[in-house]
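Data block below; observations after.
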Number of protein chains: 2
Amino acid sequence: MPTARRTATVTLHDVAREAGVSLATASRALNGSSRTVNDDYRQRVLAAALKLNYTTNLSAQAVAKGSTTSVALLVGDIADPYFSSIAAGVIKGSEDAGLIVTMSVTDRSPERELELVRALRGQRPRVIILAGSRSSDEEHQPDLVRELEAFEAGGGRVVFVSQHELPFDTVRIDNYGGARALAESLVELGYTRFAAITGEAALITATDRLAGFTDGLAAHGIEIPADKIVPGGFTRDGGFAGAVELADRGLDGVELVFAVNDVVAIGAMSGLRSRGIEPGRDVAVAGFDDIQTVRDVTPALTTVGIPLFEVGESALAVALRPREAGSERDLSVPTSVVLRASTPGVPAR
Amino acid sequence: MPTARRTATVTLHDVAREAGVSLATASRALNGSSRTVNDDYRQRVLAAALKLNYTTNLSAQAVAKGSTTSVALLVGDIADPYFSSIAAGVIKGSEDAGLIVTMSVTDRSPERELELVRALRGQRPRVIILAGSRSSDEEHQPDLVRELEAFEAGGGRVVFVSQHELPFDTVRIDNYGGARALAESLVELGYTRFAAITGEAALITATDRLAGFTDGLAAHGIEIPADKIVPGGFTRDGGFAGAVELADRGLDGVELVFAVNDVVAIGAMSGLRSRGIEPGRDVAVAGFDDIQTVRDVTPALTTVGIPLFEVGESALAVALRPREAGSERDLSVPTSVVLRASTPGVPAR
DNA sequence: TTGAAAGCGGTACCAC
DNA sequence: GTGGTACCGCTTTCAA
């Protein structure tokens with residue numbers, strides 16, 4: 001009995017036979033960088049491939065070539081507009097470069113991130129992009145670095161997005177500077193009494209933003225009282241809860257609440273409202289990121305803009321550029337303060 | 001001169017040598033379903049793998065096994081919360097099943113979708129999930145079906161998300177029924193004069209929703225005047241523009257504007273506001289999807305809820321369940337009307 | 001240019 | 001149980 005075909009899939013072999021040429025020729029006609037194939041044969045192969053509805057088996061190609069066409073992207077939470085915008089940029093750039101992107105979510109857990117990187121290495125992607133917010137987790141960091149270094153040793157490229165201190169290429173977002181500029185702008189508008197809703201203490205992005213903001217204020221001799229800084233978990237619900245806590249403790253004349261990102265800020269606005277405090281009238285609110293929706297909440301949110309889509313595109317571009325010895329490993333993207341109705345010119349109250 | 005190693009990557013060969021066992025044994029110890037390997041050897045192999053920091057080359061494994069561990073997901077626009085929520089569900093389900101998900105975006109173009117499916121077949125994924133909104137595009141549909149059938153013939157699984165009439169498994173979202181129920185609820189609240197902002201005419205999701213809504217009204221003898229139905233392109237900006245157009249034409253006593261999805265509705269609220277019309281007070285607004293942010297806009301948006309994350313998880317579950325001859329190919333997810341402040345009990349006006 | 005054949009990294013069947 | 005080895009589908013020398 002003839003062995004049943006494992007799959008009904010047509011292989012390069014079938015195409016070659018159909019076209020009446022050798023395997024090698026078929027391969028060259030379909031891909032071969034050096035166009036060393038007779039145009040007559042080439043046509044026959046192409047026709048055969050079309051007729052049989054052939055598609056190259058990328059896995060087999062990867063094994064033979066020793067390199068894949070995939071890009072692995074790690075994000076903290078794909079449903080978060082911050083990450084999905086970056087992802088859109090990475091995907092766009094990858095498609096333009098003929099690369100496929102695989103996506104995993106870390107849930108912002110350093111442990112999960114490490115696990116994923118380990119598993120991803122099996123994919124032998126050309127690039128691993130880590131966009132999940134870096135945390136100052138001391139426990140898993142050395143292992144992560146070790147995995148990534150092994151990956152690079154095997155010819156892969158690693159790119160981080162956002163701030164970090166690890167020995168890899170980075171698309172750096174100036175969280176500190178952006179927040180600091182925001183603080184200064186707000187002081188100029190006349191605000192003098194602030195509160196802040198932060199992320200988890202371990203998230204570097206969150207701490208950098210808070211540091212920038214407080215330093216910006218400090219430059220004008222302003223300080224945020226310790227009891228006016230509350231955690232917000234980097235999520236909408238965290239922002240809501242943080243604002244409620246702030247309200248319940250008593251605003252004590254706070255004129256502006258700074259949230260470490262827009263999602264938190266939007267949650268905070270709802271939280272304030274739930275306590276009868278009207279954002280933009282009773283108290284000003286500012287966020288960070290300039291995600292799409294901040295234009296459509298009421299009042300429109302003052303924030304710090306980051307070109308997120310471009311960040312994603314840049315991350316890929318950085319990964320694809322040749323690795324030169326002495327080249328700068330970091331690429332910085334600019335941030336910009338965007339003042340909107342949530343911080344009216346005249347301080348609330 | 002010895003040939004330089006193509007890569008610095010460690011292979012199963014290296015592990016086997018390090019452990020002093022055969023390639024076959026190493027393979028079995030690391031993966032082998034039948035646990036036919038001596039525990040002593042197994043330990044040695046595991047230790048060697050760990051020591052060498054070995055990871056299985058998934059491509060090679062795929063070639064040898066004849067099947068991959070990847071799931072291909074096509075979405076219309078990953079930065080749209082509708083899609084990113086579904087994607088989150090697909091990713092979660094995949095990770096639980098040990099599968100990797102690759103993601104592509106169609107930009108809602110049937111042509112691009114066809115191209116992508118063709119390219120994706122080369123990946124030989126276990127599953128292709130098409131979550132991009134189906135369009136009634138007659139031109140590319142036959143080719144798309146042909147590609148997908150070829151893919152299934154090769155052992156792959158195809159799952160569509162949302163409504164369609166194609167011969168593949170589907171996670172069906174009751175767009176028609178949900179919109180109809182919404183219409184009836186609104187009539188009950190006392191509304192009698194409606195306008196609508198739709199998507200592109202070709203998007204089946206958009207037309208289904210509009211049909212459900214108008215039929216729901218018709219059941220109560222209410223009709224939307226033709227000039228009160230404007231296109232909104234399924235995007236925030238489209239919604240904004242649509243609302244502006246509606247306002248500029250004159251609302252003529254319209255009490256409620258129905259937008260075919262939340263993103264459009266949110267844009268529409270801003271559009272109305274830009275014309276001095278206050279949503280929820282001067283005119284009610286309703287959307288569809290119940291994406292996260294609708295709770296945080298002002299007024300909170302009335303909409304039709306879809307369990308988007310679960311839709312994503314279900315799509316994967318459907319793909320993974322054994323294919324039985326007579327089994328139902330469709331899975332329906334329920335929708336639910338969610339009334340919020342954007343449609344106050346007493347009709348606006 | 002073209003074809004034969006030796007890999008690429010694994011898997012799985014076969015015999016011992 | 002374990003090792004030898006023939007593949008998996010494709011690329012790429014090497015001769016012809």
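Quantities reported herein were computed from a predicted structural model and do not represent experimental measurements. First the proteins, then the strands, lettered A, B, ... as listed; each starts at 1.
Listed candidates were dG10(C), dT2(C), dT2(D). Nearest to the side chain of Y54(B) is dG10(C). Counting only heavy atoms from C-beta on, L23(A) has its side chain closest to dC10(D) among dC10(D), dA4(C), dG3(D). For A64(A), the listed nucleotide lying nearest its side chain is dG7(C); candidates were dT2(D), dG7(C), dG10(C). Which of dC13(C), dT13(D), dG10(C) sits closest to the side chain of R28(B) comes down to dC13(C). Side-chain proximity of T56(B) to dG10(C), dT2(C), dC8(C): nearest is dG10(C). The side chain of A60(A) approaches dC10(D) more closely than any other nucleotide in the set dC10(D), dT12(D), dG10(C). Relative to the side chain of T25(A), the nucleotides dG10(C), dT11(D), dT2(C) differ in distance, and dT2(C) lies closest. Each of dG3(D), dT11(C), dT11(D) was ranked by its minimum atom distance to the side chain of L12(A); first place goes to dT11(D).
Every residue two or more places apart in sequence or in another chain was checked for a side chain to side chain donor-acceptor pair (under 3.5 Å) with E310(A), and none qualifies.
Here the side chains of Y54(A) and L12(A) are in contact, with some heavy-atom distance below 4.5 Å.
Note: CG (D40(A)) to P (dT2(C)) measures 8 Å, nearest angstrom. To the nearest angstrom, P of dG9(D) lies 15 Å from CZ of R121(B). dT11(D) atom C1' lies 14 Å from atom NE2 of H13(A), rounded to whole Å. Rounded to whole angstrom, the span from the NZ atom of K65(B) across to the C1' atom of dG9(C) amounts to 13 Å. Rounded to whole Å, the distance from OH on Y41(A) to P on dT1(C) is 13 Å. D39(A) has its CG atom 13 Å from the C1' atom of dT1(C), to the nearest Å. Distance CG (N31(A)) to P (dT12(D)): 9 Å, rounded to an integer number of Å. With rounding to whole Å, L58(A) atom CG is found 15 Å from dG9(D) atom P.
Checked for salt-bridge contact, D14(A) and K51(A) miss the test: no charged N lies under 4.0 Å from a carboxylate O. Between R108(B) and D80(B), at least one side-chain N (NZ, or NE/NH1/NH2) sits under 4.0 Å from a carboxylate O, which counts as a salt bridge.
Each end of the helix from dT1(C)-dA16(D) to dC16(C)-dG1(D) gets its own axis from five base pairs, and the two axes differ in direction by 40°, given to 10 degrees.
Comparing R124(B) and A24(B), the nucleotide of DNA chain D nearest to each residue sits closer to the 5' end for A24(B). In terms of position on DNA chain D, the residue among G20(B) and T55(A) whose nearest nucleotide sits closer to the 5' end is G20(B).
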For a quick test of your reading: what N or O donor-acceptor pairs under 3.5 Å do the side chains of residues 118-127 of chain A make, sequence neighbours left out?
| unit_1 | atom_1 | unit_2 | atom_2 | d |
| --- | --- | --- | --- | --- |
| R118(A) | NH1 | E147(A) | OE2 | 3.0 |
| R121(A) | NH1 | E147(A) | OE1 | 2.6 |
| R121(A) | NH1 | N53(B) | OD1 | 3.0 |
| R121(A) | NH2 | N53(B) | O | 3.2 |
| Q123(A) | OE1 | S70(A) | OG | 3.4 |
| Q123(A) | OE1 | T102(A) | OG1 | 3.0 |
| R124(A) | NH1 | R121(A) | O | 2.8 |
| R124(A) | NH1 | T55(B) | OG1 | 3.1 |
| R124(A) | NH2 | T55(B) | O | 2.8 |
| R126(A) | NH1 | T68(A) | O | 2.7 |

Throw together a table of side-chain donor-acceptor distances under 3.5 angstrom for residues 71-78 of chain A, partners on residues two or more places apart or in other chains.
| unit_1 | atom_1 | unit_2 | atom_2 | d |
| --- | --- | --- | --- | --- |
| D77(A) | OD1 | A79(A) | N | 3.0 |

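Summarising the geometry, atom OH belonging to Y41(A) is positioned 9.0 Å from atom OG belonging to S22(A); distances are rounded to the nearest 0.5 Å.
The list of side chain to side chain donor-acceptor pair (under 3.5 Å) pairs with a residue in residues 88-101 of chain A, not counting sequence neighbours, reads K92(A)-D96(A), E95(A)-R112(B).
OP1 and OP2 of dT2(C) both lie 4.0 Å or more from every side-chain N or O belonging to S22(A). The phosphate of dG9(D) (OP1 or OP2) has no side-chain N or O of Q61(A) nearer than 4.0 angstrom. Between dC8(C) and N57(B), no contact under 4.0 Å exists linking OP1 or OP2 to a side-chain N or O. For the OP1/OP2 pair of dT2(D) and a distance below 4.0 Å, the side-chain nitrogens and oxygens of N38(B) include at least one atom meeting the criterion. For the OP1/OP2 pair of dG9(C) and a distance below 4.0 Å, the side-chain nitrogens and oxygens of T11(B) include no atom meeting the criterion.
Across E18(A) and A48(A), no two heavy atoms sit closer than the pair CG-CB, 3.5 Å. Nearest heavy-atom pair across S85(B) and L308(B) is CB-CB, 3.6 Å.
Contacts between residues 43-50 of chain A and DNA chain C, counted as heavy-atom distances below 4.0 Å, involve no residue at all.
Enclosure of atom CD in E111(A) is not indicated, since only 12 or fewer non-hydrogen atoms of other residues, nucleotides or ligands lie within 6.0 angstrom.
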